[in-house]
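Some notes on the structure that comes next.
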Amino acid sequence: MTPAHTLHASLDDLLSIQALRQIEGRDVRAVHRRPFVSPYGGVSGNRFLAVESVGVDGARHAYVVKRTATAWDIIMRATGDTACRERLIWQSGLLDNLPPAVGHTVAAAATDGDGWALLLRDITEQMHPCQRWPSPGWERLADAELTAFLDGLAALHATFWLDERLRRPELGLCALPWLYGSFSPATVARESGSPHGLVVILRQGWGQLEAEATPELTRLVRTLQADPRPLCAALEQYPWTLAHGDPNCKNFGLEMGAQPRLLLLDWQLVNRAPPAIDLVFFLSLFSDVLPVSYETVIERYRGLLAARLGDRFAEAWWQPQLDLAFLGHFLRFGALLLARMTSHSDAAVRAHYRMLLDWWTPRALAGASWL
């Protein structure tokens, strides 16, 4: 497959006046760099720069540079990514085929020593206060914003429905065994020497499983952590699409208007999978900022996807892949849920995650019937 986009040779080349002129299609007279500080945080360990280009007319364009490498990106290591998936799907041109309801922010990329640098449009102004929960200043998603997010996911999934391009190994998509093993006790063991805070949370959370989860859920989770292949094989029986893999509350912006648009950041866990993979991730990370019930969210997304798929949608595969996705996502999310439920400093947060465990448990157990 011939790349649609060319990598710049270095970070300095990427941020040169000449490169920004070509990227922006305008006359750029200056490029400024400074440290990047965000209220939304992150867990990967990547390094960031804020970049601003200035045109001859004084107009300014803002960017964020994400510098990523296996040496410091724990998510890359945890998912077997040695080539930067986000870079690969941009360079291949796959992101050029996103539907109008979905956008990405990658403007260009470069090799950067033993890693890569991604030049991303700065969408801070389009990010939502729900992303700060439970810190001061957070707000719930409005109903229209929730619909825009869910319809963006449905549009993404419908656009790449059974798209044979997704089978190409050069895209480097995250295989399901890596996805479901990413936050497992095995990752904790491999990263035992790492000071990364995520390792501490995973170790603490999984250490609470036997004490806090039901015996049935505990046995199921431990069995699949030891060998996720039955889960992956079960999911692979159902229709698949391009799943973002990480549509969490830190990774999006919204452009609200006559034609709302969901802007998705951080495609590091992009994969080929049934669509519920993204839906249940959304539910888990947005669980306390939604304007409606979890059941309503599921039904709303289902209706939006069915409308976009038409006669390609079928009840025969909808429920099995949803149940399996609930089960699979507990392998990714369970440690975070358990850690927050038992150790968070805010009693209301602890109570919320205890409620979420009670809600999630029967849905995860239902997935076992499809293995």
Side-chain angles (χ1 to χ4, degrees), residues 1-11 13-15 19 22-23 42-49 63-99 102-121 123 153 156-157 159-182 232 236 240-248 251-252 262-273 275 277-278 281 332:
M1 182 172 62
T2 303
H5 303 287
T6 302
L7 281 179
H8 290 264
S10 67
L11 179 62
D13 180 46
L14 175 65
L15 299 183
Q22 184 178 30
I23 291 165
V43 300
S44 65
N46 285 319
R47 303 169 184 180
F48 296 90
L49 288 172
Y63 300 92
V64 175
V65 170
K66 179 167 76 171
R67 303 179 70 185
T68 184
T70 54
W72 58 74
D73 187 333
I74 192 171
I75 304 301
M76 288 185 71
R77 296 196 301 272
T79 60
D81 182 4
T82 60
C84 184
R85 291 187 190 96
E86 190 168 20
R87 185 267 301 187
L88 289 173
I89 63 167
W90 167 78
Q91 193 175 5
S92 72
L94 195 68
L95 293 181
D96 297 338
N97 296 302
L98 293 176
V102 183
H104 69 92
T105 64
V106 184
T111 55
D112 185 20
D114 292 331
W116 297 269
L118 301 174
L119 183 68
L120 311 173
R121 291 188 298 110
I123 63 166
L153 286 183
L156 171 70
H157 297 153
T159 296
F160 291 96
W161 198 253
L162 299 179
D163 191 326
E164 288 296 325
R165 289 175 297 177
L166 304 184
R167 295 187 183 276
R168 294 175 177 173
E170 59 266 32
L171 290 177
L173 301 183
C174 185
L176 289 181
W178 280 111
L179 186 74
Y180 288 126
S182 56
C232 299
E236 287 167 359
W240 42 264
T241 184
L242 186 72
H244 177 272
D246 192 12
N248 79 52
N251 285 343
F252 83 101
L262 171 64
L263 304 174
L264 287 172
L265 298 169
D266 196 352
W267 296 74
Q268 193 62 37
L269 295 177
V270 62
N271 59 84
R272 182 177 67 84
I277 298 296
D278 279 344
F281 198 120
R332 302 174 64 189

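Atom-to-atom distance recorded for Asn46:CG and Ile75:CD1 is 9.0 Å, nearest 0.5 angstrom. Note: Phe48 CZ to Leu118 CG = 9.5 Å, rounded to the nearest 0.5 Å.
With hydrogens and angles ignored, the 3.5 Å screen pairs no side-chain donor or acceptor of Asn271 with any backbone N or O of Ala175.
Partners of Asp163 according to the salt bridge (charged side-chain N to carboxylate O under 4.0 Å, His left out) rule, which considers only residues two or more places apart in sequence or in another chain, are Arg165. The ring pair (Phe, Tyr, Trp, His ring centres under 6.0 Å) test applied to Phe281 returns His329, not counting sequence neighbours. Partners of Tyr63 by side-chain hydrogen bond (donor to acceptor under 3.5 Å, both in side chains), not counting sequence neighbours, listed by chain and number: Glu24. Taking Asp246 as the reference, Asn248, Asn251 meet the side-chain hydrogen bond (donor to acceptor under 3.5 Å, both in side chains) condition, with sequence neighbours excluded. Here Trp116 pairs with nothing under the ring pair (Phe, Tyr, Trp, His ring centres under 6.0 Å) rule; sequence neighbours left out. By the ring pair (Phe, Tyr, Trp, His ring centres under 6.0 Å) test, Trp90 pairs with His5, sequence neighbours left out. Evaluation of the side chain to side chain contact (heavy atoms under 4.5 Å, CB included) rule for Ala4 yields Asp96 as partners, not counting sequence neighbours. Taking Ala108 as the reference, His8, Leu14, Ile23, Leu119 meet the side chain to side chain contact (heavy atoms under 4.5 Å, CB included) condition, with sequence neighbours excluded.
Under the 4.5 Å side-chain criterion, counting only non-hydrogen atoms from C-beta, Arg168 is not in contact with Leu94. Counting heavy atoms from C-beta on, the side chains of Leu264 and Leu98 never come closer than 4.5 Å.
Minimum heavy-atom separation, Tyr180 to Cys232: CD1-SG, 4.2 Å. The minimum heavy-atom distance linking Leu7 with Ala110 is given by the pair CD2-N, 3.9 Å. The minimum heavy-atom distance linking Ala69 with Gly115 is given by the pair CB-CA, 3.8 Å.
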Quiz: residues 81-88 side-chain donor-acceptor pairs under 3.5 angstrom, not counting sequence neighbours:
{"from": "Asp81", "atom 1": "OD1", "to": "Ala83", "atom 2": "N", "distance (Å)": "3.0"}
{"from": "Asp81", "atom 1": "OD1", "to": "Cys84", "atom 2": "N", "distance (Å)": "2.9"}
{"from": "Asp81", "atom 1": "OD2", "to": "Arg85", "atom 2": "N", "distance (Å)": "3.0"}
{"from": "Asp81", "atom 1": "OD2", "to": "Gln268", "atom 2": "NE2", "distance (Å)": "2.1"}
{"from": "Arg85", "atom 1": "NE", "to": "Gly172", "atom 2": "O", "distance (Å)": "2.9"}
{"from": "Arg85", "atom 1": "NH1", "to": "Thr79", "atom 2": "OG1", "distance (Å)": "3.0"}
{"from": "Arg85", "atom 1": "NH1", "to": "Gln268", "atom 2": "O", "distance (Å)": "3.1"}
{"from": "Arg85", "atom 1": "NH2", "to": "Thr79", "atom 2": "O", "distance (Å)": "2.6"}
{"from": "Glu86", "atom 1": "OE1", "to": "Lys66", "atom 2": "NZ", "distance (Å)": "2.7"}
{"from": "Glu86", "atom 1": "OE2", "to": "Trp267", "atom 2": "N", "distance (Å)": "3.4"}
{"from": "Arg87", "atom 1": "NE", "to": "Ala83", "atom 2": "O", "distance (Å)": "3.4"}
{"from": "Arg87", "atom 1": "NH1", "to": "Gln91", "atom 2": "OE1", "distance (Å)": "2.8"}
{"from": "Arg87", "atom 1": "NH2", "to": "Ala83", "atom 2": "O", "distance (Å)": "2.9"}

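Residue pairs meeting the side-chain hydrogen bond (donor to acceptor under 3.5 Å, both in side chains) criterion with at least one partner in residues 103-115, sequence neighbours excluded, are Arg67-Asp112. Listed by first then second residue, pairs satisfying ring-ring contact (aromatic ring centres under 6.0 Å, His included) with a partner in residues 66-89 number zero, not counting sequence neighbours. Note on residues 69-78: pairs passing salt bridge (Lys or Arg N to Asp or Glu O under 4.0 Å), not counting sequence neighbours, are Arg77-Glu191.
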| task | Please report the C-alpha distance between Val102 and Thr159 in whole Å, then the side-chain angles of each, then the deciding distance to 0.1 Å, and finally whether the side-chain contact (heavy atoms from CB on, under 4.5 Å) criterion is met. | result | CA-CA 10 Å; Val102 183; Thr159 296; over 6 Å; no
| request: Report the C-alpha distance between Leu156 and Thr241 in whole Å, list the side-chain angles of each, state the deciding distance to 0.1 Å, and finish with yes or no for side-chain contact (heavy atoms from CB on, under 4.5 Å). | output: CA-CA 8 Å; Leu156 171 70; Thr241 184; over 6 Å; no
